[in-house]
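This report refers to the structure that appears directly beneath it.
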Amino acid sequence: MRIRLLRSTSRLNSNPYSSLPPSASSPPHPLPPLCMKKLKQTHARLIRDGGVGDTLTAGKLLADVVAFGPSNLGYARAIFSSIKPPLNTFIWNSMIRGLAHGSSPADAVALYNKMLAEGYSPNNYTFPFVLTACANLVDAAATPGLGLAVHGTLLRRGFEDFDPYIQTALVNFYANSGSIDTARHLFDRCRRRDVALWNALIRGYAQSCRFSEAVQVFRRMQDDSDRIRGDEITTLSVVSACAHLGALDLGRWIHSYIGKNQMRLTVNLGTALINMYAKCGEIEAAFSMFDEMPHKDVRTWSVMIGGLAIHGHAREALLLFTEMKTMGVTPDSVTFTGVLSACSHAGLVREGLRILEEMKTIHGVSPTIEHYGCAVDLLGRAGRLEKALELIKGIPMDLDVVLWGALLIACRAHRNLEMGEMAAKEMLQLDPQNAGALVFLSNAYASVGRWDKVEETRETMKERRIQKPPGSSSVEVGGIVHEFTSGDPSHPEMNQIYAMLDEISRLRSAQEPRHVAGAVSFDMDEEDKEQCLAQHSEKLALAFGLLKTRPGTTVRIIKNLRICEDCHSVMKLASEAFGRTVIVRDRARFHHFRRGSCSCGDYW
DNA sequence: GTAGGGTTAG
């Protein structure tokens with residue numbers, strides 16, 4: 001399958017949207033910087049006329065400035081500190097509000113504490129602001145104490161039970177602080193639930209990577225007696241959850257729900273849907289939607305480029321990147337992650353390195369550790385391990401686990417034990433609990449018969465109580481997502497699944513006699529080889545999908561780890577033998593298996 | 001006079 005970008009390439013130098021009606025679009029950037037200028041003029045006039053000395057007037061000015069967003073925080077602070085006491089609650093609230101959305105939300109909490117210390121009384125407006133600040137703290141999960149104290153204060157003052165804004169802010173705070181179950185508890189206790197409260201919980205689950213529960217909450221919202229209708233924000237969160245889950249049927253349903261409820265297909269929604277289709281394996285649907293969007297912002301382009309990248313359509317991703325720039329859209333840090341990952345999945349080493357270089361020199365976007373990670377991945381996959389290591393050594397910032405992890409994966413793929421061992425040790429220095437590094441070491445030592453080292457590594461894992469990440473795969477059959485875990489026999493139809501696996505294995509030995517089930521030459525996959533290869537979760541999902549869908553139907557599998565060589569070849573075989581398209585999304589990318597071969601060209 | 005919920009990558 002090729003993405004047909006011919007229309008796109010031929011329109012590189014023209015604006016294809018000029019002929020389209022603007023009705024289905026959002027207005028482009030509505031920010032009016034001129035008004036800020038007007039506010040400053042008002043301020044000047046107030047100073048001249050002496051009106052700024054009036055607390056009420058100064059408060060209004062402050063609130064207006066804050067409403068413009070965090071870019072004017074310095075100015076807001078100056079106004080705030082020029083107001084002579086006694087202040088009123090409105091002024092405190094406005095300043096806390098401004099700080100809560102700024103780069104240092106801790107300042108908002110500090111100001112709130114100062115307000116209390118000086119004997120001012122917070123009101124029902126104060127708490128949503130300060131709770132938002134607590135939720136926005138850089139590491140909200142590590143410092144829940146501030147928000148908990150705010151919660152205590154508002155309870156003591158009798159606020160919790162009647163104000164929906166405070167309740168929503170609380171749910172949001174707990175969800176952001178890693179306590180989604182507490183958030184749920186509060187939600188369940190609320191008697192009147194409006195759409196924002198539902199949204200806070202849905203997003204909370206999504207943010208905690210509990211996507212199925214996010215979807216469940218959305219379904220419950222549909223059935224709720226209050227008959228609350230979802231809005232754009234609800235839809236954005238749910239579509240995003242579908243993308244993570246790979247739940248195509250549900251995603252399509254939401255798409256039609258948008259139509260049925262006469263919701264406007266805004267740039268944001270369109271972008272979320274494009275992302276959903278791409279992440280659910282429907283790259284062509286994603287592309288045609290992209291093509292039809294009359295207005296696109298940087299996210300729309302980034303999502304499409306990233307989507308093409310994970311499907312291995314690197315050339316198309318690069319073409320789109322060029323087109324984006326031609327259209328005057330400035331690429332950002334996320335765009336470059338997509339572009340670099342496109343290069344990486346297709347082995348376009350030279351292009352990738354050039355783009356990494358040009359990020360800074362031409363586009364003024366400083367590479368982050370993630371971009372370097374992509375570059376290490378790019379070199380590593382292509383087998384240029386020494387060059388990857390050299391790149392790592394030249395990185396002008398603190399190295400992280402992900403970066404060494406990229407090298408580790410490359411070492412695993414290219415059987416470089418020595419460098420892999422080094423990378424794993426670096427990872428363990430940064431994160432002693434890193435399961436991936438320890439599993440690698442254990443498998444790698446086993447592969448060369450270093451049983452003493454194997455034993456030592458396993459002991460370490462036991463001592464540190466590290467669990468191997470279980471491989472799990474899901475397959476959607478009739479709108480229901482079935483999940484399988486490696487070696488877990490608990491599925492009620494396991495006998496049939498095993499029978500199907502046996503059949504595949506017979507087909508296989510007939511075709512490739514050297515591949516007797518379970519025999520592998522080199523023992524360095526992501527999953528532990530103690531578990532029989534035959535029971536890798538994607539094989540269970542494949543067997544189930546083949547059994548439960550009509551002949552000719554595409555089988556779609558989502559897997560949490562990278563697919564191993566053995567499973568990859570089984571998928572190829574099954575696509576041929578059963579005449580099926582099998583689409584597997586693993587941790588890194590998509591594999592489309594058709595007629596015995598894979599879209600990745602065995603490069604992954 | 002002021003408020004809560006937002007999509008993209010790794």
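In what follows, chains carry the letters A, B, and so on, assigned in the order in which the sequence lines appear, proteins first and then strands, with residues in each chain numbered from 1. The analysis underlying the following values was restricted to heavy atoms, covering all of them including side chains, and did not include hydrogens, waters or symmetry mates.
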*Under 3.5 Å, is there an N or O donor on one side and an acceptor on the other linking the side chain of A:Asp231 and the base of B:dG5?*
yes
_Just N and O in the side chain of A:Asn172: are any of them under 4.0 Å from OP1 or OP2 of B:dG5?_
yes
*Look at all strands and tell whether A:Ser333 reaches a base, only sugar-phosphate, or nothing, counting heavy atoms closer than 4.0 Å.*
nothing
*Is any N or O donor-acceptor pair between the side chain of A:Glu232 and the base of B:dG6 shorter than 3.5 Å?*
yes
*Lys/Arg cation over aromatic A:Phe187: A:Arg193, 6.0 Å, 45° cone*: yes
_A:Val195, nearest nucleotide to its side chain (from B:dG4, B:dG1, B:dG5)_ = B:dG5
*Answer with base, sugar-phosphate or nothing: what part of the nucleic acid does A:Asn93 contact at a heavy-atom distance below 4.0 Å?*
base
*With respect to the phosphate group of B:dT2, does any side-chain polar atom (N or O) of A:Arg97 fall under 4.0 Å of OP1 or OP2?*
no
*Would you say the base of B:dG4 and the side-chain of A:Asn199 have a donor-acceptor pair closer than 3.5 Å?*
no
*What parts of residues 236-246 of chain A reach DNA chain B, counting only heavy atoms under 4.0 Å away?*
A:Leu236, A:Ser240, A:His244
*Look at all strands and tell whether A:Val303 reaches a base, only sugar-phosphate, or nothing, counting heavy atoms closer than 4.0 Å.*
sugar-phosphate
*Are A:Arg184 and A:Asp188 within salt-bridge range, i.e. N to O under 4.0 Å?*
yes
*With sequence neighbours excluded, tell me which residues meet side-chain contact (heavy atoms from CB on, under 4.5 Å) with A:Val66.*
A:Leu62, A:Ala76, A:Arg97
*Select base, sugar-phosphate, or nothing to describe what A:Asp377 touches, counting heavy atoms under 4.0 Å on all strands.*
nothing
_Between the base of B:dA3 and the ring of A:Tyr125 - centre-to-centre under 5.5 Å, planes within under 30° - is that a stack?_
no
*asked:* Please classify the nucleic acid contact of A:Gly204 as base, sugar-phosphate, or nothing, using heavy-atom distances under 4.0 Å.
replied: nothing
*Short side-chain to backbone donor-acceptor contact, A:Lys296 and A:Phe290, under 3.5 Å*: yes
*Those residues that, when tested against A:Ser302, pass side chain to side chain donor-acceptor pair (under 3.5 Å) (two or more places apart)*: A:Thr335
